[in-house]
**Q** 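Below are the structure tokens for one structure; questions will follow.
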Amino acid sequence: MEGKNEQRTGLLYGIGAYVMWGLVPLFWPLLKPSGAIEILAHRMVWSLGVVTVALLAVRRWAWIGELVRDRRKLGLISVAAATISVNWGLYIWAVNNGQVVEASLGYFINPLVTIAMGVLLLGERLRPVQWAAVATGLTAVLVLAIGYGRPPWISLVLAFSFATYGLIKKKVNMGGLESLAAETAVLFLPALGFLLWLAATGSSTFTAGGAGHGFLLAATGIVTAIPLICFGAAAVRVPLSTLGLLQYLAPVFQFGLGVVYFKESMPPERWAGFALVWLALSLLTWDALRTARRNRALAVKLLATAAAAPATATPTPEGAAILPGDTAAAPGGTTTPTPEAATTTGPGAPDSTQQKVT
């Protein structure tokens, strides 16, 4: 009973995290007339403050010494920080310039881009259904390019930057809070320097917009950290496969806001492109669930065989078994959601190891 309550609590945390990431387009327009770069700089500075308080509360500091001594990991964190700053900055710009729908597309196609990176960079092999999903995704991008009259560059940059961020985070292998603290610490001095420069030149909106505007800019730290904390609470309570499915809540909410609230146009060819993307994601999800069921059944069979003949070593069928808790070959250069284990991706997220933090 206690386990079920924990899972229910974790599910609520997960839904809360992705719903907050999905609704964040409502927040960025409140920060006008601040530009995207100024908002991004405030987000970096104030996020470090909020995450520091959170780390103080949980007393997790040992990782700092290990990180400082590991130059390779520190270099990867620096690259991750630069990559997520591109993602965050472009996302803020897109929302505040009437491109919420195209921004949501970036997080819809992120799993497909991650798969492509897994094949090209990591030499991963795909199952036939995954190849079909990738081909459908490429067709969707072509259809959308025709509909927009240009490549959907906002979506592509968001998807590729977030997939790259996820790939780096996989190699770094740090917790969400620790990773965000390290990344914002790397960017803290450049961000603070930029804000001081804006203030010195009279271009800052932090105080010029009044106390309310300054408070909203400071709140970017809370907007960044709270969903991540909820995600972390969910990750230790529910299977990662559940988070892998919940990840689609964020772009769904973003898309809905773009169409219904912000009244962005959706001509027929754009609907066709999005429909193809959703078809590709449905194929990926179906394939992941089917593979996971097969792997679970195989694991149960192997365990039953081992229990029946404890003295006899049971050979593992060639290429067979991914035991519960392992991860299957990717939707995406990281790993693919299976009912027992999955990699999530998202908007602002950090990598849903990642995520999405947008």
Side-chain angles (χ1 to χ4, degrees), residues 15 18-26 28-29 87 90-117 126 129-163 166 244-289 330-332 336-337 344-349 352 354-356 358:
I15 292 173
Y18 282 108
V19 168
M20 282 187 279
W21 279 324
L23 296 179
V24 78
L26 295 173
W28 303 126
N87 185 276
L90 179 59
Y91 184 77
I92 294 167
W93 180 89
V95 170
N96 284 355
N97 284 272
Q99 302 294 332
V100 176
V101 168
E102 188 175 348
S104 74
L105 175 64
Y107 296 107
F108 274 125
I109 67 175
N110 176 67
L112 302 171
V113 171
T114 309
I115 284 182
M117 292 180 68
L126 302 184
V129 175
Q130 291 176 313
W131 278 115
V134 171
T136 303
L138 289 174
T139 304
V141 171
L142 291 175
V143 170
L144 288 165
I146 294 171
Y148 280 107
R150 58 170 175 80
W153 67 269
I154 295 174
S155 305
L156 293 173
V157 172
L158 288 174
F160 274 95
S161 60
F162 202 66
L245 297 175
L246 289 178
Q247 69 175 305
Y248 297 121
L249 282 176
V252 164
F253 273 93
Q254 293 164 10
F255 177 81
L257 285 174
V259 174
V260 177
Y261 182 79
F262 293 105
K263 307 293 185 184
E264 295 183 17
S265 63
M266 284 291 293
E269 59 271 21
R270 201 169 296 176
W271 279 110
F274 270 89
L276 287 171
V277 169
W278 296 330
L279 173 61
L281 294 176
S282 298
L283 289 172
L284 285 183
T285 303
W286 173 77
D287 180 67
L289 293 173
T336 270
T344 58
T345 55
S352 294
Q354 225 142 29
Q355 37 270 174
K356 159 170 184 231
T358 51

**Q** Distance check, rounded to the nearest 0.5 Å: Ile92 atom CD1 versus Asn97 atom CG?
**A** 11.5 Å
**Q** Is any side-chain heavy atom of Leu281 closer than 4.5 Å to a side-chain heavy atom of Pro111?
**A**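 Yes, close enough: below the 4.5 Å cut-off.
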**Q** Which residues pass the side-chain hydrogen bond (donor to acceptor under 3.5 Å, both in side chains) test with Ser155, not counting sequence neighbours?
**A** none
**Q** Distance from Phe274 atom CZ to Ser104 atom OG, nearest 0.5 Å?
**A** 4.0 Å
**Q** Locate the shortest heavy-atom distance separating Ala280 from Gly137; write the atom from each residue and the value.
**A** CB-N, 4.1 Å
**Q** Donor-acceptor pairs under 3.5 Å, side chain of residues 257-267 to any protein atom, not counting sequence neighbours: which ones?
**A**
residue: Lys263; atom: NZ; partner: Val260; partner atom: O; Å: 3.3
residue: Glu264; atom: OE1; partner: Val100; partner atom: N; Å: 3.4
residue: Glu264; atom: OE1; partner: Val101; partner atom: N; Å: 3.1
residue: Glu264; atom: OE2; partner: Val100; partner atom: N; Å: 2.7

**Q** Rounded to the nearest 0.5 Å, how far apart are CE of Met117 and CG of Leu112?
**A** 13.5 Å
**Q** Please give me the minimum heavy-atom distance between Gly273 and Val143, naming the atom from each residue.
**A**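 Distance-wise, the nearest heavy atoms are N-CG1, 3.8 Å.
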**Q** Taking side chain to side chain contact (heavy atoms under 4.5 Å, CB included) as the test, write out the residues that go with Val134, two or more places apart.
**A**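 Val134 satisfies side chain to side chain contact (heavy atoms under 4.5 Å, CB included) with Ile115, Leu126, Leu138 only.
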**Q** Taking all non-hydrogen atoms of both residues into account, name the closest pair between Pro151 and Ala145 and its distance.
**A** CA-CB, 4.0 Å
**Q** Determine whether the aromatic ring centres of residues Tyr248 and Tyr107 are separated by less than 6.0 angstrom.
**A** no
**Q** Do you know the tightest heavy-atom contact between Ala140 and Val277?
**A**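 That closest heavy-atom pairing would be CB-CG2, 3.5 Å.
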**Q** Less than 4.5 Å apart, any side-chain heavy atom of Pro25 and any of Tyr91?
**A** yes
**Q** Sub-3.5 Å donor-acceptor pair from the side chain of Thr285 to the main-chain atoms of Ser282, do we have one?
**A**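 No; zero donor-acceptor contacts below 3.5 Å.
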**Q** With Asp287, which residues qualify under side-chain hydrogen bond (donor to acceptor under 3.5 Å, both in side chains), at least two apart?
**A**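 Expected list: Arg127, Arg290.
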**Q** For Val252 and Phe108, which heavy atoms make the closest approach, and how far apart are they?
**A**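 Here Val252 and Phe108 meet closest at N-CZ, 3.7 Å.
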**Q** Taking Asn87 for the side chain and Leu158 for the main chain, is one N or O donor matched with an acceptor at less than 3.5 Å?
**A**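 Yes: the side chain of Asn87 pairs with the backbone of Leu158.
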**Q** Heavy-atom count check: over 12 atoms from other residues, nucleotides or ligands less than 6.0 Å from Phe160 CZ?
**A** no
**Q** Begin with the C-alpha distance, continue with both residues' side-chain angles, and end with the deciding distance and a verdict on side chain to side chain contact (heavy atoms under 4.5 Å, CB included) for Arg270 and Tyr148.
**A** CA-CA 8 Å; Arg270 201 169 296 176; Tyr148 280 107; 3.3 Å; yes
**Q** Under 4.5 Å between any side-chain heavy atoms of Ile109 and Leu156, yes or no?
**A** yes
**Q** Would you compute the distance between atom CD of Glu269 and atom CG of Leu144 and round it to the nearest 0.5 angstrom?
**A**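 Glu269 atom CD to Leu144 atom CG measures 9.0 Å (nearest 0.5 Å).
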**Q** Aromatic rings Tyr18 and Trp21: how do their planes relate, parallel, tilted or perpendicular, breaks at 30° and 60°?
**A** perpendicular
**Q** Tell me, please, which residues at least two apart from Trp271 pass ring-ring contact (aromatic ring centres under 6.0 Å, His included).
**A** Phe255
**Q** Taking all heavy atoms of Ala103 and all of Ala94, pick out the closest pair and write down the distance.
**A**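 Ala103 and Ala94 have their closest heavy atoms at CB-CB, 4.1 Å.
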**Q** Run the side chain to side chain contact (heavy atoms under 4.5 Å, CB included) test against Trp153 and tell me which residues pass, sequence neighbours left out.
**A** Leu90, Trp93, Arg150, Val157
